[in-house]
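One structure is given here, and the rest of the page talks about it.
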Amino acid sequence: MEMMELVMQHIVEIAILCFEFIGVIVIIISGAKGFWNYVRREPEMKITLAQGLAVGLEFKLCSEILKTVIVREWKEILTVAGIIGLRAALTFLIHWEIKEGVKEEHGKKKENSSGKECG
């Protein structure tokens, strides 16, 4: 039984590292792509960047949830719970910003299309 627990702990630790790594890579790529779109003055730059950050945070959140499997002390559990709460709040805010950005873009497109029809 102890051997199975040790194997599970190692598998979880490897999965945590993988999810952390994937999250960091996604955030780096999204940041670089966002910067490139900013330089090119792309209108949907903000939305694209926020979507990439949201995906990266989701991977980081996966790793934090997995950490709850191997945590043994209450102090560590509270720390992980706090981190999960903060990342969940960030994810929620980013998703809210994406929705607002999409609404704004659709409003601009409607204005442009209605202006063309009248003129």
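Numbering of residues begins at 1 and proceeds along the displayed sequence.
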Legend entry - Spacing of Met45 atom CE and Trp36 atom CH2 [to the nearest 0.5 Å]: 14.0 Å
Inset, instruction - Compare all side-chain heavy atoms of Phe35 with those of Val39 and state whether any distance is below 4.5 angstrom. - result: yes
Inset, instruction - Spell out, yes or no, whether Met4 and Leu6 are grouped together once hydrophobic residues are joined by side-chain heavy atoms under 4.5 Å, including indirect joins. - result: no
Legend entry - Nearest-0.5 Å distance, CD of residue Glu64 to CG of residue Leu86: 10.0 Å
Inset, instruction - Work out which heavy atom in Leu61 is nearest to a heavy atom in Arg87; give both atom names and the distance. - result: CD1-CB, 4.0 Å
Inset, instruction - Identify the heavy atoms of Ile98 and Ala54 that sit nearest to each other, and give their distance. - result: CD1-CB, 4.4 Å
Legend entry - Atom pair NZ (Lys99) and CD1 (Ile94), whose distance is rounded to the nearest 0.5 Å: 13.5 Å
Legend entry - Side-chain heavy atoms of Leu53 within contact of Leu90, under 4.5 Å: no
Inset, instruction - Check whether NZ of the Lys or CZ of the Arg Arg40 lies under 6.0 Å from the centre of the six-membered ring of Tyr38 and within 45 degrees of that ring's axis. - result: no
Legend entry - Connected via hydrophobic side-chain network under 4.5 Å: Val69 and Phe59: yes
Legend entry - Minimum heavy-atom distance Ser30-Gly52, with the two atoms named: OG-CA, 3.0 Å
Legend entry - Within one Ile-Leu-Val-Met-Phe-Trp-Tyr cluster: Phe19 and Ile25, side-chain cutoff 4.5 Å: no
Legend entry - Value rounded to 0.5 Å, distance of CD in Gln9 from CD1 in Ile14: 11.0 Å
Legend entry - Side-chain heavy-atom pair Ile47, Val102 within 4.5 angstrom cut-off: yes
Legend entry - Spacing of CD1 belonging to Ile27 relative to CG belonging to Leu49, to within rounding of 0.5 Å: 10.0 Å
Inset, instruction - Go through the steps for Lys33 and Glu44 under the test salt bridge (Lys or Arg N to Asp or Glu O under 4.0 Å), then give the verdict. - result: CA-CA 12 Å; Lys33 186 177 178 183; Glu44 295 184 0; over 6 Å; no
Legend entry - Phe92-Ile84 co-clustered via ILVMFWY side chain contacts under 4.5 Å: no
Inset, instruction - Report the residue from Val24, Ile83, Ile22 that forms a side chain to side chain contact (heavy atoms under 4.5 Å, CB included) with Lys60. - result: Val24
Inset, instruction - Could you point out which residue of Glu13, Glu20, Glu76 forms a side chain to side chain contact (heavy atoms under 4.5 Å, CB included) with Lys67? - result: Glu20
Legend entry - Salt bridge present between Glu97 and Lys103 (N-O < 4.0 angstrom): no
Inset, instruction - Work out which heavy atom in Leu66 is nearest to a heavy atom in Ala15; give both atom names and the distance. - result: CD1-CB, 3.7 Å
Inset, instruction - Please check if Val80 and Leu78 belong to a single hydrophobic cluster, counting links between Ile, Leu, Val, Met, Phe, Trp and Tyr side chain heavy atoms closer than 4.5 Å. - result: no
Inset, instruction - Applying salt bridge (charged side-chain N to carboxylate O under 4.0 Å, His left out), name anything that partners Glu58, two or more places apart in sequence or on another chain. - result: none
